[in-house]
Amino acid sequence: MENLIITHLKTNAQNLEMWIANDQTNNLAVGHIFMNIEKDNKIKFLDAWVHSDYRRMGIYRLLWETRWEYVLENYKDYTIYAWCKDSSLPLLIEKGFETGEIVTYVEKKI
């Protein structure tokens, strides 16, 4: 998308960093992705979101790749880890991540 701008933000209160995708044409935030810097040189890749009207346009991949390049440039010798959905797993495997245990979400209303 030619009208898309990715902005990187760091929080002061927490060890979070995020990237926001904005559609300048509609002045709308259309996606975001986060990571958390942890002790012992670890980084946890956190959730990502893309607006339902903007899905299947490559925005998730663009956000992911932007964060990935930033980590490669700024966090040498860190261990990166993430919990991901089945739909995100191929991208992580493409980047050389190894799978760990499989976890299943469960829920019960009381």
Side-chain angles (χ1 to χ4, degrees):
M1 292 185 63
E2 60 191 52
N3 295 319
L4 195 68
I5 290 183
I6 306 284
T7 304
H8 176 221
L9 301 169
K10 294 182 181 185
T11 62
N12 290 321
Q14 300 170 330
N15 292 324
L16 289 176
E17 296 193 35
M18 68 180 298
W19 290 260
I20 300 174
N22 290 295
D23 178 353
Q24 287 189 298
T25 303
N26 297 315
N27 195 27
L28 181 68
V30 298
H32 67 244
I33 198 163
F34 290 87
M35 71 181 197
N36 186 42
I37 312 302
E38 299 180 346
K39 63 181 182 173
D40 300 324
N41 287 354
K42 285 190 167 189
I43 295 175
K44 182 178 182 181
F45 278 6
L46 300 171
D47 67 325
W49 166 83
V50 175
H51 188 288
S52 58
D53 294 343
Y54 289 80
R55 292 183 182 150
R56 299 283 184 214
M57 296 180 178
I59 294 171
Y60 170 76
R61 167 82 65 163
L62 181 60
L63 285 164
W64 206 99
E65 293 287 355
T66 301
R67 178 182 63 184
W68 185 244
E69 289 301 317
Y70 177 79
V71 166
L72 291 176
E73 291 174 16
N74 296 285
Y75 291 99
K76 301 286 186 218
D77 297 320
Y78 275 66
T79 299
I80 314 300
Y81 73 100
W83 300 97
C84 68
K85 295 180 181 178
D86 289 342
S87 59
S88 300
L89 187 56
L91 175 57
L92 291 157
I93 290 173
E94 173 188 314
K95 297 299 180 184
F97 285 75
E98 297 178 11
T99 58
E101 295 180 55
I102 301 299
V103 179
T104 303
Y105 170 80
V106 295
E107 176 179 271
K108 179 176 178 152
K109 185 173 183 175
I110 304 293

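The residues of the chain are indexed from 1 along the displayed sequence. Note that the coordinates shown come from a computational prediction; the quantities given were computed from them, not determined experimentally.
- Note that NZ of K44 is 13.5 Å distant from CG of N15, once rounded to the nearest 0.5 Å.
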Side chains of residues 87-98: which donor-acceptor partners sit under 3.5 Å, not counting sequence neighbours?
from : atom 1 : to  : atom 2 : distance (Å)
S88  : OG     : Y60 : OH     : 3.4
E94  : OE1    : R61 : NH2    : 3.2
E94  : OE2    : R61 : NH1    : 3.0
K95  : NZ     : E65 : OE1    : 3.1
K95  : NZ     : E65 : OE2    : 3.0

For N36 and I43: C-alpha separation, side-chain torsions, deciding distance, then whether side-chain contact (heavy atoms from CB on, under 4.5 Å) applies. CA-CA 6 Å; N36 186 42; I43 295 175; over 6 Å; no
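- L46 is not connected to I33 by any chain of hydrophobic side-chain contacts under 4.5 Å among Ile, Leu, Val, Met, Phe, Trp and Tyr, and they are in different clusters.
- Residues L4 and V30 have side chains in contact (heavy-atom distance under 4.5 Å, counting atoms from C-beta outward).
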Quick one: do H8 and K10 satisfy side-chain contact (heavy atoms from CB on, under 4.5 Å)? Show the steps, please. CA-CA 7 Å; H8 176 221; K10 294 182 181 185; 3.8 Å; yes
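- Judged as a salt bridge (charged side-chain N to carboxylate O under 4.0 Å, His left out), and not counting sequence neighbours, E2 has no contacts.
- In this structure, the ring of W19 has its center no less than 6.0 angstrom from the ring center of F34.
- Taking the six-membered ring where the residue is Trp, the centroids of W83 and F45 are separated by 6.0 Å or more.
- Residue D53 qualifies as enclosed at atom CG: its count of foreign heavy atoms under 6.0 Å is above 12.
- If you chain together hydrophobic residues whose side chains sit under 4.5 Å apart, V103 and Y81 fall into the same group.
- The closest side-chain heavy-atom distance from M35 to V71 is below 4.5 Å.
- In this structure, K42 is not positioned above the aromatic face of Y78 in the sense of NZ or CZ being under 6.0 Å from the six-membered ring centre and within 45° of the axis.
- Two residues are said to be in side-chain contact when any heavy atoms from C-beta on lie closer than 4.5 Å; N41 and T79 fail this criterion.
- Side-chain contact between I20 and L9: present, with at least one pair of heavy atoms (C-beta onward) separated by less than 4.5 Å.
- At a threshold of 4.5 Å between side-chain heavy atoms, the hydrophobic network of Ile, Leu, Val, Met, Phe, Trp and Tyr places I80 and I37 in one connected group.
- To the nearest 0.5 Å, atoms CG (D23) and CE (M57) are separated by 8.5 Å.
- Side-chain atoms of T11 and M18, non-hydrogen and from C-beta on, never get closer than 4.5 Å to each other.
- At a threshold of 4.5 Å between non-hydrogen side-chain atoms, the residues H51 and L28 count as touching.
- Atom CG of residue N3 and atom CG of residue N26 lie 8.5 Å apart, to the nearest 0.5 angstrom.
- Residues that satisfy the salt bridge (charged side-chain N to carboxylate O under 4.0 Å, His left out) test with E38, not counting sequence neighbours, are absent from this structure.
- Hydrophobic clustering of Ile, Leu, Val, Met, Phe, Trp and Tyr side chains at less than 4.5 Å, counting indirect connections, keeps L63 apart from L16.
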